[in-house]
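Chain identifiers are assigned alphabetically (A, B, ...) following the order of the sequence lines, protein sequences preceding nucleic acid strands; residue numbering begins at 1 within each chain.
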Amino acid sequence: MPSDFVSNWQTQARKGILVLSVLNALRGERLYGYEIVKRLGDVAGLSIAEGTIYPLMSRLQKEGLVESSLEPSPEGPARKYYRLTADGEAALDRIDEAWDDIVEGVEALRRKHDEGGAA
Amino acid sequence: MDLTDRARRDLDRYLERVRESLWDREEVDAEEVVDGIREHVEATLTSREGGPVTAEELADVLERLGSPEEWGKEETMPRVPTPPDAVLRGGAGTGPWIELVPLILAGAGGLLILVELTVPLGWGLLAVAAVTARLVMGSPTYPTVGSPVSAALVALLWHVSAIAAVGAILLAPAVLVWGQSQIGGALVPFLLEHTLPPGATSTPVPGTRPSGYWPLVGLLAGTATGAWWIAAGIAWKALGEGLRRILGPADYLASPAVLKAVLLAGGFLFVLSLVLLLGALG
């Protein structure tokens with residue numbers, strides 16, 4: 001039971017973190033799908049199926065947070081590049097603030113436990 | 001990207017799974033995701049050297065992409081299905097139109113079975129119903145289906161509608177010729193002229209046809225159908241990827257094997273029927 005619980009929690013946690021990670025990967029940059037997958041592969045603990053990115057990018061486009069453009073590639077067929085829209089930048093700023101608040105709050109709880117344990 | 005035949009079939013099957021897993025997610029453009037996956041596979045394998053991509057090389061990439069049926073668990077939050085009464089109140093776009101499809105199919109079936117003189121009309125309605133179903137289900141405003149049973153039934157309808165549309169289109173000339181020969185259209189005088197005995201001015205018994213009438217109808221239908229299949233096969237090939245997109249999960253109907261079969265069968269039917277027809281008329 002505990003391992004199932006942890007596994008379920010990790011799945012739920014990734015749902016929100018994935019959007020946060022993708023939007024942050026795109027901040028100030030223009031990336032195509034494969035590049036986004038590779039960037040996220042470097043995020044510790046965010047082990048996801050690579051294909052998960054593509055429906056997410058489609059959804060973010062429909063929500064107006066990301067826009068795409070098809071550009072020629074020297075290595076083969078044209079590639080679809082993604083970048084944040086102005087709405088996406090604004091949403092990411094708020095998401096990052098919220099994330100910082102969450103992390104700070106959780107870290108405070110952990111520090112309290114550690115200090116209590118040390119005492 | 002050059003793939004072996006087996007690798008191409010595996011990729012096509014994987015992309016079909018992608019479409020089927022996303023068909024009911026109106027917030028996601030399934031064809032856009034399919035394009036993204038294709039691009040991902042190409043980007044992953046483009047740097048390799050050697051001949052065509054093998055099935056084993058492709059399998060590694062697809063394994064890292066993961067099972068399309070599982071993607072939703074890692075990315076989406078739970079969706080709220082659209083209740084049927086909200087659909088009927090007109091708040092969900094094309095939902096109510098899908099209710100018409102079974103009625104049109106039933107009407108077409110009735111016309112085909114019960115009233116033989118209206119076969120061409122019934123056939124046309126069948127094609128319309130199938131195309132309508134396909135367009136509705138492909139619409140981004142198609143409402144979410146809540147239960148797994150409903151989703152399975154609609155997924156089945158996707159394939160049924162595609163097969164019915166393609167079948168109806170391919171058999172249209174034969175049906176039209178047969179219908180004409182039944183209801184006294186423009187073909188009948190021509191057919192009677194070439195099948196009645198010399199000197200006869202009407203059929204021997206009112207309401208029947210001369211003995212050579214129906215074979216001639218069959219040869220005309222075969223010639224027209226064969227020519228139609230050749231033309232359809234050429235158009236099929238020209239549409240290429242566009243036709244596969246239209247067919248969605250039923251894109252196996254646009255596979256090279258099916259195209260080849262249609263062209264070969266059409267050529268054979270056309271030549272054989274035309275030779276026999278010219279012999280019968282001559």
Check your understanding: Could Glu89(A) and Arg27(A) be called an ion pair, given the rule that one side-chain N must be under 4.0 Å from one carboxylate O?
Key ->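 Arg27(A) and Glu89(A): salt-bridged.
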Check your understanding: Below 4.0 angstrom, N of the basic side chain to O of the carboxylate: do Asp29(B) and Arg59(A) qualify?
Key ->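 Looking at Arg59(A) together with Asp29(B), the answer is no, because their closest N to O distance does not fall below 4.0 Å.
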Residue list, side-chain contact (heavy atoms from CB on, under 4.5 Å) with [X], at least two apart or on another chain:
X	value
Glu104(A)	none
Lys260(B)	Leu264(B)
Ile17(A)	Ala13(A), Ser21(A), Leu46(A), Trp99(A)

Point to revise | Largest heavy-atom contact set with chain B, pairs under 4.5 Å, which of Lys38(A), Glu63(A), Lys80(A) | key: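 Sorted descending by pairs with chain B, the first entry is Lys80(A).
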Check your understanding: Among residues 2-11 of chain B, which residues come closer than 4.5 Å to chain A, judged by heavy atom distances?
Key ->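 So no residue qualifies.
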Point to revise | Short side-chain donor-acceptor distance under 3.5 Å, Ser58(A) and Glu32(B) | key: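 A pair is found: one side chain offers a donor N or O, the other an acceptor, under 3.5 Å apart.
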Review point. Side chains of Arg17(B) and Ser67(B): do they bring a donor and an acceptor to under 3.5 Å?
Key: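 The criterion, which ignores hydrogens and geometry beyond distance, is satisfied for Ser67(B) and Arg17(B).
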Review point. Tell me, side chain or backbone of Gln61(A) under 4.5 Å from chain B's heavy atoms, or both, or neither?
Key: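 Answer is side chain: those atoms of Gln61(A) sit under 4.5 Å from chain B.
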